[in-house]
2 protein chains.
Amino acid sequence: MTLPPELSAAVAPQHLLTDPDTVRPYLHDEAEWAAYGAAVAVVRPGSTAEVAAVVKACAAHGIPVVTRGAGTGLSGGANAVDGCVVLSTERMREIVETNPAERIAVVQPGVVNDDLRAAAAEQGLWYPPDPASAPWSTIGGNVATNAGGLCCVKYGVTRDYVLALEFVTAAGEVVRVGRRTAKGVAGYDLVGLLVGSEGTLGVVTEVTVRLRPLRTTIPRTVVGFFDTLAAAGEAVGRVTAAGLQPAAFELIDRVCLQAINEWKQADLPASSAALLLAQTDLPEPAAEQEAAAIHAEFEAAGATEAIMSTDPVEAEALFEARRLAYPGLEQRGEAMLTEDVCLPRGKLAEMLGRLEEIAAKHETKIATVAHAGDGNLHPLLLTKHGDEPAKLRAQAAFDEIVDTALALGGTVTGEHGVGLLKLDGMRRELGPGVVALQRAVKQALDPQGILNPGKMVG
Amino acid sequence: MTLPPELSAAVAPQHLLTDPDTVRPYLHDEAEWAAYGAAVAVVRPGSTAEVAAVVKACAAHGIPVVTRGAGTGLSGGANAVDGCVVLSTERMREIVETNPAERIAVVQPGVVNDDLRAAAAEQGLWYPPDPASAPWSTIGGNVATNAGGLCCVKYGVTRDYVLALEFVTAAGEVVRVGRRTAKGVAGYDLVGLLVGSEGTLGVVTEVTVRLRPLRTTIPRTVVGFFDTLAAAGEAVGRVTAAGLQPAAFELIDRVCLQAINEWKQADLPASSAALLLAQTDLPEPAAEQEAAAIHAEFEAAGATEAIMSTDPVEAEALFEARRLAYPGLEQRGEAMLTEDVCLPRGKLAEMLGRLEEIAAKHETKIATVAHAGDGNLHPLLLTKHGDEPAKLRAQAAFDEIVDTALALGGTVTGEHGVGLLKLDGMRRELGPGVVALQRAVKQALDPQGILNPGKMVG
């Protein structure tokens, strides 16, 4: 296909990629099982004006635009569709402003999550949303998926930190929504609508985030070991019902621990079915009291062992293990299908028990990590590459996990997004009435349907 | 006008009001200066099904539907338009569920804010959003305006607490959006879109809110007295920049203090230009440290006096004064135009100084209370009833306050909503591109334009 001249003129030649080998890495995210199509080109605009020129050119010719950040997504949301232009934000990585007086930062979408956190910390400020992909994923991608992370059990998700957005509309116009003030209700909340919309309503070109003062407390960590996943789920319910508020509350199961041990020659305790990691960040002595209360709930739920740690090195090793679970399992060379269901906290124990049954029923190895305090589970379904029957069994297990989560009042996606993998689950979760409203919103803001078509709302 | 039979059939006869004297109190909210029209009827549905029947009947006949809660709004958002049906949620005041395991509550829209807070407290839970109208205003109204309050400087606004909504669409269909889980990203955030939409996108019939554990700390209050409003604003900026996080941070000026003293025969300290009230709710001894740090910033900003109080009675008297400012001024028998601009915190001192200039220039008495920590100012413009020249001067002052806030990078409404009074300001704040997007959303969800027409997006 010959590219429209306006598109070729939109960016310098070295930022318009058409060579298949160069284009290939841009065609999909990390959702191994999601389909992707062939892009006509990859563009790497360096400014808002260039993004607008790209979108305007594509709009004029009905070319789909698939925007991507670092491509660490796990639902296929950034996967190319046939005939599309992939718009990569990789060159837009300027931290425009960090402002302690207003407690805000302004960044371009290609800024890496950890880089924003580091820049904020230099000013005594903290950007909480911390997906496990934080060393690589971009703020633009985080905004597109409304990314969560470990801290969100106490501090909220990306949406809770986005104050304003500059974005390019489906018609190629540049608009600014939101504000720099702490509050504001002038007009519908288009910021909230764009956050989590997976590039289907606009292409975000600048993000203004709210920051918190940097934490100065020394975290205390409580580790609990459990003989069954269900007992660990019970402990989570007890901690929540007791009114405790850990700043991170994670679960790692035996399969993950073993994988990390193998990969890193680590010596993580992999004899229990699961361990829970809870961290409190209150000032002392309240932290000690909260840690003791969490410890007591772990024991009451039947922990075989529970340990309060004040050693930051020891605690960090365990949280590092949590973050390494995904790459650790990847290292085993198995194909991996990542789940993201989120349950009402009171149903977590039941869901964790059901996961063990589903794994057995479908003869599929399932490794589970979880933002347990949020009820957000990431069962990872592992199969040998090339083992087609195993892949089909894993697919059946995946579907049954979704069905079970919905039956228990959960959602099909807690933080990874709908993308392609959860399209069917989303439709079942929302029902036809709400799906129709979703489509009406999409139609209103992208009447031509050129922005990331086929994702999010199908 | 003869009412359509479907409308008459939608509710029992005693809940369909057409007598002008009975209808009159339903025709407007507390925005004294906002226009209102003549309703053909008031309906008081008692259930979601009745709401749906009312909206369906109105949709079939093109009759506008103006939904109202307690009518405590200050922007005219609930004001009747000619030929409309006013839908009052007053009979829908059931607290359906309070659930400590999930930390949520489910309520009907007519539940009064303070009643939800009390019901939550019985279960050891806390619903933070606390507009000054909390003893009267309803959760439905709070959702419609995305209400703020005193706590939101640390704990966020209504939107941050709404997890799910049941609402009736413009076509009269009942839908549920959102979830009962802590997180979820399945589909566009229609909950966030509905919150703050002032009844223009749907009629909310049930609200699921997130709750926090009840606070158990004893608050410490720091009171600072300042000779100028600008010095008080400077103190707010210093506290913010120092990374302190008061759980309430209010300003009351001399005019308000004097009014409350007159009304309540109180003995509030009305000799300074303004006082600041900051409250910390950290566990001890962190609270003592934070209070001392706030005190130091007050003194550094030039407070004539600053007092740390551990006496809850004394502190509560001052916060009560803050809440009484509005009714206190009302008691003076003057007409009152309420402003709601919100400024970047770093511009607060400048804006407070400009307010004094605007009052002098337009010979208008302005009493100011503020959620100072958020930069959210409520200048109250006072005029004698019937003094038309004074009213015109006040209107000019109102416009200049809006202009000044916009010029300083603020928003025209921090928490009261656009309604009618801020329509023009909203258009100027957002600009034509964003206004067009707002209208596209409205058109998508209410193509016939029957839901609260003329408000919010004009």
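Residue numbers begin at 1 in each chain, while the letters A, B, ... track the order of the sequences.
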(request) With a 4.5 angstrom heavy-atom cut-off, could you sort out which part of A:Glu429 is near chain B: side chain, backbone, both or neither? (result) side chain

(message) Among A:Val157, A:Val457, A:Thr240, A:Val174, which residue has the highest count of heavy-atom pairs closer than 4.5 Å to chain B?
(response) A:Thr240

(message) Side chains of B:Pro285 and A:Pro283, heavy atoms from C-beta outward: is any pair under 4.5 Å?
(response) no

(message) Counting heavy-atom pairs under 4.5 Å with chain A, which one of B:Lys422, B:Arg427, B:Arg345, B:Glu284 comes out on top?
(response) B:Arg345

(message) Counting C-beta onward and ignoring hydrogens, is there a side-chain heavy-atom pair between B:Gln245 and A:Arg103 closer than 4.5 Å?
(response) yes

(request) For residues B:Thr411 and A:Val185, determine if any side-chain heavy atom of one lies less than 4.5 Å from a side-chain heavy atom of the other. (result) no

(message) Between A:Val236 and chain B, with a heavy-atom cut-off of 4.5 Å, which part of the residue counts as in contact: side chain, backbone, both or neither?
(response) neither

(message) Quick check on B:Thr217 against chain A: is it the side chain, the backbone, both or neither that has a heavy atom closer than 4.5 Å?
(response) neither

(message) What I'd like to find out is whether the side chain of A:Arg159 reaches to under 4.5 Å of the side chain of B:Arg159, using heavy atoms alone.
(response) yes

(message) A:Tyr188 and side chain to side chain contact (heavy atoms under 4.5 Å, CB included): which single residue from B:Val418, B:Val195, B:Leu194, B:Thr200 fits?
(response) B:Thr200

(message) As an exercise: rank A:Asn99, A:Leu201, A:Val341, A:Val435 by heavy-atom pairs under 4.5 Å with chain B and give me the winner.
(response) A:Leu201

(request) Given side chain to side chain contact (heavy atoms under 4.5 Å, CB included), test A:Val441 with B:Leu190 step by step and report yes or no. (result) CA-CA 9 Å; A:Val441 169; B:Leu190 298 183; 4.1 Å; yes

(message) Within this structure, what is the OG1-CZ distance for the pair A:Thr413 and B:Arg179, rounded to the nearest 0.5 Å?
(response) 10.5 Å

(request) Check each atom of A:Glu102 against the heavy atoms of chain B and say whether the ones under 4.5 Å are side chain, backbone, both or neither. (result) both

(request) Specify which of B:Gly425, B:Gly196, B:Gly187 makes the most heavy-atom pairs with chain A at under 4.5 Å. (result) B:Gly187

(request) Among A:Leu343, A:Val177, A:Val412, single out the residue with the greatest number of heavy-atom pairs under 4.5 Å to chain B. (result) A:Leu343

(request) Return the minimal non-hydrogen interatomic distance between A:Gly409 and B:Thr181, and the atom names on each side. (result) O-CG2, 4.0 Å

(message) If you count heavy-atom pairs within less than 4.5 Å of chain A, which of B:Gly417, B:Gly237, B:Pro100, B:Gly346 leads?
(response) B:Gly346

(message) If you compare all heavy atoms of A:Ala440 against all heavy atoms of B:Ala444, which two are closest, and at what distance to 0.1 Å?
(response) O-CB, 3.4 Å

(request) Tell me, for B:Gln289 versus chain A, whether the close heavy atoms (under 4.5 Å) come from the side chain, the backbone, both or neither. (result) neither

(request) Output the option from B:Gly433, B:Ala241, B:Gly375, B:Cys342 having the highest count of non-hydrogen pairs under 4.5 Å with chain A. (result) B:Cys342

(request) Would you mind telling me which of B:Gly192, B:Ala436, B:Gly184 has the largest number of heavy-atom pairs within less than 4.5 Å of chain A? (result) B:Gly184

(message) Tell me which of these, A:Leu430, A:Leu437, A:Thr169, has more heavy-atom pairs under 4.5 Å with chain B than the rest.
(response) A:Leu437

(request) Side chain from CB out, backbone as N, CA, C, O: work out which of these in A:Leu244 comes under 4.5 Å of a heavy atom of chain B, or both, or neither. (result) backbone

(request) Side chain from CB out, backbone as N, CA, C, O: work out which of these in A:Arg212 comes under 4.5 Å of a heavy atom of chain B, or both, or neither. (result) side chain

(request) Could you tell me which portion of B:Gln443 (side chain, backbone, both or neither) has an atom closer than 4.5 angstrom to a non-hydrogen atom of chain A? (result) neither

(request) Indicate the atoms forming the closest heavy-atom contact of B:Asn376 with A:Lys183, along with that distance. (result) OD1-NZ, 2.9 Å

(message) Please evaluate residues B:Asp189 and A:Leu193 with respect to the criterion side chain to side chain contact (heavy atoms under 4.5 Å, CB included), reporting the C-alpha separation (whole Å), side-chain torsions for both, the decisive distance (0.1 Å), and the verdict.
(response) CA-CA 6 Å; B:Asp189 180 13; A:Leu193 188 63; 5.6 Å; no

(request) Measure distances from A:Thr216 to the heavy atoms of chain B and classify the residue's part below 4.5 Å as side chain, backbone, both or neither. (result) neither

(request) Using non-hydrogen atoms and a 4.5 Å limit, figure out which bit of A:His416 sits close to chain B: side chain, backbone, both or neither. (result) backbone

(message) Need one label for A:Leu445: side chain, backbone, both or neither, based on atoms under 4.5 Å from any heavy atom in chain B.
(response) side chain

(request) Examine whether an atom of A:Asn146 lies under 4.5 Å from a heavy atom of chain B, and if so say whether it belongs to the side chain, the backbone or both; otherwise answer neither. (result) both

(message) Working to the nearest 0.5 angstrom, can you tell me the gap between A:Arg180 CZ and B:Leu408 CG?
(response) 12.5 Å

(request) Among the options B:Ala286, B:Gly124, B:Pro344, pick out the one with the most heavy-atom pairs lying under 4.5 Å from chain A. (result) B:Pro344

(request) Heavy atoms only, distances under 4.5 angstrom: which of A:Gly414, A:Ala182, A:Ser197 has the most pairs with chain B? Name it, please. (result) A:Gly414

